[in-house]
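Atoms within a ligand are numbered from 1 in the order they appear, just like the ligands themselves.
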Amino acid sequence: MRIVTIIGARPQFIKAAPVSRAIRRCNEEILVHTGQHYDENMSEIFFHELDIPLPDYNLAIGSGSHGWQTGHMLIAIEDILLKSKPDAVLVYGDTNSTLAGALAASKLLIPLVHVEAGLRSFNKAMPEEQNRILTDHVSDMLLCPTQTAVANLAKEGIRQGVYNTGDVMYDAVLYNKDIARTKSDVLARLNLQSGGYILATVHRAENTDNKERLSAIIEAFNRCGERIVFPVHPRTLKYISEYGLALSGNIMVIEPVGYLDMLMLESNAAKIVTDSGGVQKEAYFLGIPCITLRRQTEWVETVSAGWNIIADSDERIILNAIRDFNPSSDRPPYFGDGHAAQKIAEILDGVAV
Ligand code: UD1
Ligand code: UDP
């Protein structure tokens with residue numbers, strides 16, 4: 001079977017690594033990078049570190065407004081699909097690259113496979129929620145990471161072609177955890193002690209594009225009295241500078257790091273403060289308490305299990321959680337058994353049901 005895979009943003013490179021490895025055993029994969037993320041430390045580094053095959057096409061679309069970015073991707077992807085005539089198109093998650101790939105495939109009546117289907121925040125103001133709802137509703141195979149995602153789809157009347165495969169990000173963590181321990185020197189490089197810092201990431205539009213919310217988050221970091229290690233997404237850096245926000249000396253601002261460094265920073269953090277979807281899950285997989293800088297999360301299991309607390313951008317809740325949040329409960333295996341990629345390959349090959 002010939003599969004065209006569409007990726008373009010940081011978390012999609014990480015998700016594609018285990019899946020590409022599994023599907024290439026029995027299929028031909030044509031990898032298309034839309035160029036949504038393009039800085040070396042937002043894109044190329046992951047291909048090297050995770051042994052992802054180099055893209056067959058790099059569309060180099062780059063940054064722009066939602067319509068501009070998605071539209072340019074759609075035009076370029078359609079062209080590739082017409083030329084390569086695949087048996088299926090594979091998309092991941094909920095970015096503009098996902099939606100462009102989904103629309104291109106669906107209009108050409110090429111079977112569409114959505115990895116990480118069924119996630120919902122129930123907040124349609126999020127670009128990601130729009131992207132994932134639209135993608136799910138034109139997908140032929142909906143590969144869900146959790147039972148909650150399967151139930152979300154059922155509530156929208158989608159029952160055909162739905163599978164709970166488990167989460168491919170869990171596969172990636174299991175595969176790379178020990179590799180990170182041997183290959184990453186990030187703790188020594190940054191002079192960090194295990195358990196001696198809080199790891200923070202912020203990039204969600206609802207936080208960065210709103211001065212009041214980003215100011216409250218940075219103020220909480222400034223006042224928490226802990227060392228904060230803060231690998232800053234380029235979007236966030238731009239807004240911190242535009243709003244003129246001052247960061248105090250306890251915050252260690254660093255460039256975005258590669259995945260192996262990130263796994264080391266996560267697994268040795270005392271706590272993680274984030275608005276990232278992927279980072280919330282990784283905190284759960286690694287048993288690190290997570291404080292989420294959003295009003296809601298798609299990853300509700302991490303909250304119900306007691307390992308994730310929803311702090312919004314409320315300075316007081318963030319500060320209290322940094323000081324007091326100390327979960328010790330079990331972490332049930334809501335995200336599968338670490339073999340999601342293999343299950344996906346088997347479903348694509350028609351072996352599994
Ligand atoms: C995108 C996804 C988001 C995902 C995130 C992962 C959409 C709508 N959003 O958000 O769901 O969680 O990726 O990180 O698809 N920039 C650079 N260099 C880069 C990439 C981006 O400088 O390599 C800057 C540009 O100023 C750009 C801004 O970051 O305008 C935002 O990038 P964009 O890809 O539009 O959205 P993200 O915030 O990265
Ligand atoms: N990540 C990384 N380096 C960083 C920040 C994040 O490798 O500096 C990884 C992180 O471990 C996770 C993924 O990127 O696997 C999450 O991506 P991001 O937070 O950009 O997007 P989201 O998951 O919110 O869509």
Side-chain angles (χ1 to χ4, degrees), residues 6-18 33-46 49-50 60-70 72-73 91-101 116 119 121 125-132 134-135 145 167-173 175-177 180 184 186 199-209 229-239 241-242 253-267 269 272 274-283 285-286 288 292-294 297-299:
I6 313 287
I7 52 179
R10 175 167 65 188
Q12 293 168 332
F13 309 136
I14 293 156
K15 291 167 198 175
H33 185 334
T34 63
Q36 177 168 350
H37 286 174
Y38 43 85
D39 291 347
E40 198 273 336
N41 57 12
M42 293 293 288
S43 170
E44 208 183 313
I45 190 169
F46 300 101
E49 277 191 337
L50 301 178
I61 304 294
S63 306
S65 68
H66 287 282
W68 184 94
Q69 191 181 53
T70 313
H72 280 82
M73 289 175 189
V91 295
Y92 292 90
D94 52 23
T95 72
N96 288 346
S97 299
T98 315
L99 179 61
E116 213 178 75
L119 272 291
S121 65
M126 286 179 72
E128 292 85 358
E129 184 80 350
Q130 300 169 10
N131 290 341
R132 56 172 91 101
L134 292 165
T135 300
D167 197 310
V168 296
M169 287 191 108
Y170 186 39
D171 294 24
V173 166
Y175 188 87
N176 289 291
K177 219 164 54 164
S184 166
V186 69
L199 177 69
T201 80
V202 182
H203 75 278
R204 208 61 49 217
E206 71 209 50
N207 288 329
T208 58
D209 300 17
V229 177
F230 188 19
V232 185
H233 189 291
R235 173 187 205 110
T236 314
L237 195 60
K238 191 173 85 178
Y239 281 103
S241 142
E242 200 173 303
V253 173
I254 57 173
E255 298 250 319
V257 294
Y259 183 64
L260 299 181
D261 282 354
M262 190 64 181
L263 280 183
M264 284 305 281
L265 288 175
E266 287 174 337
S267 46
I272 293 177
T274 191
D275 61 8
S276 158
V279 176
Q280 285 175 64
K281 282 186 288 177
E282 286 162 356
F285 302 152
L286 297 165
I288 308 296
T292 292
L293 304 169
R294 291 189 39 201
T297 180
E298 300 78 19
W299 304 107

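Atoms of ligand 1 found under 4.0 Å from any heavy atom of Arg204 (numbered from 1 in listed order, with element): 11 (O), 12 (O). Interface atoms of ligand 1 facing Lys238, defined by a heavy-atom separation under 4.0 Å, are 26 (O). Atoms of ligand 1 lying under 4.0 Å from at least one heavy atom of Met42, given by number and element, are 23 (O).
Residues Pro234 and Met42 are in side-chain contact: their nearest non-hydrogen atoms beyond the backbone lie under 4.5 Å apart. Residues Leu293 and Val202 have side chains in contact (heavy-atom distance under 4.5 Å, counting atoms from C-beta outward).
Test Gln12, Gln69, Glu128 against Thr95 for side-chain hydrogen bond (donor to acceptor under 3.5 Å, both in side chains) and you get one pass: Gln12. Of the candidates His33, His37, Gln36, His33 is the only one forming a side-chain hydrogen bond (donor to acceptor under 3.5 Å, both in side chains) with Ser43. Each of Thr208, Asn207, Val253, Asp275 was checked for a side-chain contact (heavy atoms from CB on, under 4.5 Å) with Thr236, and the lone residue meeting it is Thr208.
Residues that satisfy the salt bridge (Lys or Arg N to Asp or Glu O under 4.0 Å) test with Asp167, not counting sequence neighbours, are Lys281. Qualifying ring-ring contact (aromatic ring centres under 6.0 Å, His included) partners for Phe230, counting only residues two or more places apart in sequence or in other chains: Phe221. Not counting sequence neighbours, the partners of Glu298 by the salt bridge (Lys or Arg N to Asp or Glu O under 4.0 Å) test are Arg132, Arg294.
In this structure, the protein non-hydrogen atom closest to atom 6 (C) of ligand 1 is Pro11 CD, 3.5 Å. Regarding atom 28 (C) of ligand 1, its nearest protein heavy-atom neighbour is Arg235 CB, 3.9 Å. The protein atom (non-hydrogen) at minimum distance from atom 27 (C) of ligand 1 is Ser63 OG, 3.3 Å. At the shortest separation from atom 4 (C) of ligand 1 among protein heavy atoms lies His203 NE2, 3.8 Å. If you check which protein heavy atom lies closest to atom 17 (C) of ligand 1, you get Tyr38 OH, 3.2 Å. Scanning all protein heavy atoms for the shortest distance to atom 7 (C) of ligand 1 gives Gln36 NE2, 3.6 Å. For atom 24 (C) of ligand 1, the closest heavy atom belonging to the protein is Pro234 CB, 3.9 Å. Considering only non-hydrogen protein atoms, atom 3 (C) of ligand 1 sits nearest to Glu128 OE2, 3.2 Å.
With Thr98 contributing its side chain and Tyr92 its backbone, the two residues share a donor-acceptor pair below 3.5 Å. Under a 3.5 Å cut-off, the side chain of Glu49 and the backbone N or O of Gly258 do not form any donor-acceptor pair.
Between the side chains of Ser63 and Tyr38, a donor-acceptor pair is found at a separation under 3.5 Å. In this structure, a donor-acceptor pair under 3.5 Å is present between the side chains of Gln280 and Thr297.
Any N or O atom pair closer than 3.5 Å counts here, and His66 shares no such pair with ligand 1. Here's the thing with Arg10: none of its N/O atoms is less than 3.5 angstrom from an N/O atom of ligand 1. For Thr95, no nitrogen or oxygen atom sits less than 3.5 Å from a nitrogen or oxygen atom of ligand 1, counting backbone and side chain alike. Taking any N or O of Asn131, backbone or side chain, none lies under 3.5 Å from an N or O belonging to ligand 1.
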Please report the C-alpha distance between Thr201 and Thr274 in whole Å, then the side-chain angles of each, then the deciding distance to 0.1 Å, and finally whether the side chain to side chain donor-acceptor pair (under 3.5 Å) criterion is met. CA-CA 5 Å; Thr201 80; Thr274 191; 2.6 Å; yes
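Residues of the protein with a heavy atom under 4.0 Å from ligand 2 are Arg10, Pro11, Ile14, Phe46, Met169, His203, Arg204, Pro231, Pro256, Val257, Gly258, Tyr259, Met262, Glu266, Ser276, Gly277, Gly278, Val279, Glu282, listed by chain and number.
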